[in-house]
Structures are given as C-alpha cells and as structure tokens.
Amino acid sequence: MERSVQDDLIRGHVDIVQLDAATAARLPARHRPAIPADVLTVEDVKTKSTYLWDRVLRYGATAAELRQVQLYAGALFEVGFEDVPGQRYLSRLGPLDIGRIRFRFINRDSGAEHVQEIDFDPQRAAEAQWWVERVRETGDPEEMPRDFNGPGLDAICDYCPFRSLCWPGTAPGVPEQTALIRNDADREQALIDYVKGHELASEGDRVKKFARKKLDQSPEGIYGPNKLSWRGGNDEERDDVEAMVDLHEVAGIPVPMTPDVNRMVKNLKDAGLAIPRRKTGKKTRAVINIAPA
C-alpha cells in the first residue's frame, strides 16, 4: 500500500514498505504483516514498455529512479513515515532501519516482471539529498545539466507537460534544441560533439560488423551475460504474376494489359481470393538478436 514520507527536503509516496519482524512487533497486532520481510524493504513499482524492456533487463533502474527511491528510503531512515491520518500508527515507529531497496519492473504490454534488489546505503541516500539541495539552490534552470536530449530525441520529452517551459522560444518547425546555442562557444562545442559522435558511431559500426561476421555460424545459446538467437533465413517469397493472371481469367476479372502487380493484388483481395506467392530461390537475410541471458 502506498505510504507518505516527508522530511525537511522532500515529500513523496512510497509504493510498498515491507516491515521486518522486529519492526512489525512494535505495531498493534491488527496492523502487523502476516509474513514479515527478512529485512525492512522499500519497494518501488515501475511499469515499462516493451521498447524499454531490454534496457531494464540489461541495466536495471536508471540513475534518476535510483535517486528517487534513495530519497524516500533516506527520509524513512532519518525521520520515518509522515504523521498524517491513516498512517499515524506507522509514524510512531520513528526512524526505520532500512535494509534493502527493491525495484519491481512490470512490462505493461506482456505483464512480465523483473526484480532488482540493492542494499540500502545511507551514504547513497545522502548523495541523493545533496543533489536535490543543489537543484533547489539553482537560480536559473539553464544552469543545470539536462537529463534528456529533448523533443524528437527522447520520448519522455515528446509527451512532457512542461515541454514548452523546458524548451522555450523556438519557431514552429525549428528543433527545440537550437535554444541551447547562445553564442559561438556553444556552436564550437556542438561541432566538437558532432565530430566525436561521428567517430564513435563509425568505430561502433566497425566493431559490430566484425563481431557479426565472426558469429555467423554460431549456434543459438547462452554465452556469458548474453543470449544468442537468430531470426530470418526463411524462403523468400514474392507475388507470382503468372499465377495471378490465371486467377484473373478463372474468376472472370479483366487482366490489366500492362502487368500491374499492385492493381492485381487489389483485384484479388476485393474478390476474396488468396494472393499467390512463389519461391524466389533466395533466402531472407539472417538477423542477429542478442538479449540478456
């Protein structure tokens, strides 16, 4: 159940707090969990799309997600639950001995779950608090580094309700990122970044192509941290024009004088007939697929 936390710096809501036996014993019997946790655990539930799921499996929580939960766990560690109606019995526990942070990721498309657990470290919580303090001290948001690259490059910016505040002053059709160029020094750095990015992309592409050729005859399987699988390699098909002409004649459909594949396909679909396909003798290209083991 979601619970409220607050200290001198932040106020927020924790998705789940699982009490250990020692802490639960300090609560009225009717509020004690049926099965206490082995250590007091702060859990945060995150939903992710299939598009981001591979990244979750590989890298786990992002820096921002870690910082958010560290802040909540730190508030519980130093102050405890907020003293508000509905959880006053929890606030009387005071500061809590947090032992673990857990992230429960849920794939919103498939329902799959992935759990990531880390030990709670008061030093990490203090670092997260320091970060928030620096942000609050900043007079101009432009003085702070941006977490994302902006509309058209990061989906979170595309649908952010504060998009016009974060990326102001650009004319329609002009990339919002142009607002970051204020002088020649900014242009110089952008050009340096562009050249560096081009070099990294070229080197990365060279490494990938070399590795792809080495793996061409490798069987599917788990190799260290990665799982190798293949798709493709199937018989290639294309529309069989001669067979379509025969079907047109059998069905009494006029045959275009100049073979028009698209029109013939439409005619057959409109007539409720299957589109004939033939083997070309070629194979579709095998596409490598690498996922976490």
Side-chain angles (χ1 to χ4, degrees), residues 1-5 12-19 33-73 98-120 124 128 146-163 201 204-205 207-209 211-212 215-216 218-237 275 277 283-293:
M1 182 179 293
E2 190 175 83
R3 295 299 181 183
S4 177
V5 296
H13 294 86
V14 180
D15 289 335
I16 300 170
V17 178
Q18 294 183 313
L19 303 180
I35 303 177
D38 56 338
V39 296
L40 203 155
T41 302
V42 175
E43 179 172 325
D44 193 51
V45 180
K46 301 288 188 187
T47 61
K48 300 287 183 178
S49 66
T50 298
Y51 177 76
L52 296 173
W53 195 245
D54 184 65
R55 189 202 176 286
V56 169
L57 298 181
R58 285 181 178 275
Y59 306 114
T62 65
E65 291 167 341
L66 286 167
R67 188 163 51 240
Q68 176 193 16
V69 182
Q70 291 283 7
L71 284 168
Y72 294 158
I98 309 297
R100 179 193 297 136
I101 288 175
R102 176 187 298 129
F103 288 91
R104 186 177 302 277
F105 297 98
I106 301 175
N107 186 313
R108 69 172 67 102
D109 300 312
S110 68
E113 291 191 13
H114 174 70
V115 174
Q116 177 188 2
E117 294 183 343
I118 57 176
D119 293 335
F120 173 70
R124 296 292 186 185
R146 293 175 179 268
D147 292 327
F148 302 98
N149 290 330
L153 299 176
D154 286 299
I156 195 168
C157 294
D158 292 334
Y159 303 101
C160 178
F162 305 104
R163 171 173 172 170
D205 188 55
V207 172
K208 283 176 57 179
K209 287 180 177 179
R212 172 62 180 83
L215 291 167
D216 191 75
S218 296
E220 295 185 347
I222 296 175
Y223 302 95
N226 294 304
K227 177 182 178 181
L228 171 64
S229 60
W230 297 93
R231 54 189 173 87
N234 304 312
D235 290 329
E236 186 180 89
E237 293 185 348
I275 309 302
R277 307 278 288 176
K283 298 285 187 181
T284 58
R285 188 173 70 91
V287 180
I288 192 170
N289 182 35
I290 299 176

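What you see is a predicted model, and the numbers here were worked out from it, not measured in a lab.
When all heavy atoms of Asp235 and Lys283 are compared, the pair lying nearest together is OD1-NZ, 2.7 Å. Between Arg55 and Gly60, the shortest heavy-atom distance links the atoms NH1-O, 3.4 Å.
The main-chain N or O of Val39 is found under 3.5 Å from a side-chain atom of Thr41 such that the two form a donor-acceptor pair. A donor-acceptor distance shorter than 3.5 angstrom exists from the side chain of Thr284 to the backbone of Gly233, with no hydrogens or angles considered. Under the 3.5 Å distance criterion, the side-chain polar atoms of Arg102 are left unmatched by any main-chain donor or acceptor of Glu117. Asp154 places no side-chain N or O within donor-acceptor distance of the main-chain N or O of Phe148, the cut-off being under 3.5 Å. Between the Trp230 side chain and the Ser218 main chain, a donor and an acceptor come within less than 3.5 Å of each other.
In this structure, the side chain to side chain contact (heavy atoms under 4.5 Å, CB included) partners of Glu65, at least two apart in sequence or on a different chain, are Lys46, Lys48, Ala61, Thr62, Phe103, Phe105. Residues satisfying the side chain to side chain contact (heavy atoms under 4.5 Å, CB included) criterion with Thr50, sequence neighbours excluded, are Asn107, Asp109.
Annotation: the span from Tyr72 atom OH to Ile98 atom CD1 amounts to 14.5 Å, rounded to 0.5 Å. Considering CG of Asp205 and CZ of Arg212, their distance stands at 13.0 Å, rounded to 0.5 Å. The CH2 atom of Trp53 sits 14.5 Å away from the CZ atom of Arg58 when rounded to the nearest 0.5 Å. Rounding to the nearest 0.5 angstrom, the gap separating the CD atom in Glu43 from the CG atom in Asp15 is 8.0 Å. Separating the CG atom in Leu40 from the CD1 atom in Ile101 is a distance of 11.5 Å, to the nearest 0.5 Å.
Annotation: side chain of Cys157 is not in contact with side chain of Arg163 (no heavy-atom distance under 4.5 Å). Side-chain contact between Gln18 and Pro33 is absent, with no heavy-atom pair separated by less than 4.5 Å. Looking at Ile118 and Arg124, their side chains never come closer than 4.5 Å, going by heavy atoms from C-beta outward. Leu19 is not listed as a side-chain neighbour of Pro36, based on a closest heavy-atom distance of 4.5 Å or more.
Between Asp44 and Arg104, no side-chain nitrogen of the basic residue sits less than 4.0 Å from a carboxylate oxygen of the acidic one, so the salt-bridge criterion is not met.
For Leu153, the CG atom sits in a packed shell: over 12 heavy atoms of surrounding residues, nucleotides or ligands are nearer than 6.0 Å.
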